[in-house]
Amino acid sequence: MKIAKLYTFNDIRIEDIPVPKIGPGDALIKTKASGICSGDVMPWYIEKKAPLVLGHEPAGEIVELGSSLIRHPSSFSVGDRVFAHHHAPCLACKYCRRSDHVQCETWKNTKIVPGGISEYILIPEINLNNDTLKLPDNVSFEDGTLVEPTACVLKGLKRITPPFLPLYKGRSKEGLLSNSTVLVIGLGVMGQLNILLARRFGAERIIGADMIQYRLMKAKEFGANDVIDVSKESLVDSLRRLTDGDMADLVIVGPNSVEAMLKGISAVGAGGTILLFTPAKPGEKLTIDPNHLYFNDINIVTSYSCGPSDTAEALKLIEEGVIRAEKLVTHRFPIEKTAEAFRLVAEAKESLKVVIRF
Ligand SMILES: [Zn+2]
Ligand SMILES: [Zn+2]
């Protein structure tokens, strides 16, 4: 079977390896579509894992089930169309019990084999049991590739604290952002997903910021009331003008740069929250002004990846049509052209979601 393997950022090769042999509790899927993640084009992040088979946003069809699953019919059958999360938590440790699945040791150590951009993928027993979801009939394989990215956005919004609902758990998300002005910095696919969900969760006003015309235009199409072209205008000055000095109640920072984070902090209004949806390079420092943060009651919240409660909710939002591949997938490539697809995502211009089709 063919796989796309990254050796260095500029060296992605298509190789042929044997189809993995599954164990008694595992499943094998024939991959139908696999998304390229914006996180995968951060060279320092992806190269520290190299060589690796790219991709962690796959959707496919189950073609084989392990012997124990056949003997004891599980909830999965051959022929099921599924999304499989690349990490799966134990559901028993202290992190799992409080829904911090991404901090679970098991979550960190699990993976799909050999990776997402592969003609066949082995879904280990734990991933199959704890974070693999059947796709409803009206959800396509391409929609399935959006489950993980949508779940990451959903988790970020769930982590925000006052002035929004102080306790998200068990309460309706519909009004989570009501009466609030949300600023989304960086309008790649994750920024656009943040806009779509902020709209869905009742934000009163959404403002998008980017330097690419195409992305600014898409943000307006997806529900932003205003956009700021940071190649032409100052983010902070324009936001001040647009909000009559109030600034934003929630600022979501997508670009993985300290500069964007600092701009984001200056864009938060009193009592507001900045959500860092991105890391910086290891060792990079973000210098903050605690005096300003303290006297303005500004919250700094981070959010990394997502767990099974998020993927299940994300799939519901996709099923409802809030998120759809036809809105967000702008480019499709065969596996042979993975390097080209990867370059397009890294370039971050006239593209949103880029998907490898099988
Ligand atoms: Zn991803
Ligand atoms: Zn755990």
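When a ligand or atom number is given, it counts from 1 through the structure's own listing order.
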If the cut-off is 2.8 Å, does any N/O/S atom of H101 fall short of it from the Zn ion (ligand 2)?
no
Row for the Zn ion (ligand 2): angle SG (C96) to SG (C93), 10° precision, value 110°
Within the side chain of E148, is there an N or O that forms a donor-acceptor pair under 3.5 Å with the backbone of H85? no
Which of K353, K32, R357 passes salt bridge (Lys or Arg N to Asp or Glu O under 4.0 Å) with E142? It is R357
Counting heavy atoms not belonging to K30, are there more than 12 under 6.0 Å from its NZ?
yes
R81 meets the salt bridge (Lys or Arg N to Asp or Glu O under 4.0 Å) criterion, sequence neighbours left out, with none
*Give the cluster check for I17 versus I117: same hydrophobic cluster or not, with ILVMFWY residues linked at side-chain heavy-atom distances below 4.5 Å.*
no
Note, the Zn ion (ligand 1) has protein N, O or S atoms under 2.8 Å numbering 4
According to the interplanar angle, ranging from 0 to 90°, do the rings of H331 and F333 count as parallel (below 30°), tilted (30 to 60°) or perpendicular (above 60°)? parallel
key: Stepwise salt bridge (Lys or Arg N to Asp or Glu O under 4.0 Å) test for K2 and E336   = CA-CA 9 Å; K2 287 198 188 84; E336 293 78 7; 3.5 Å; yes
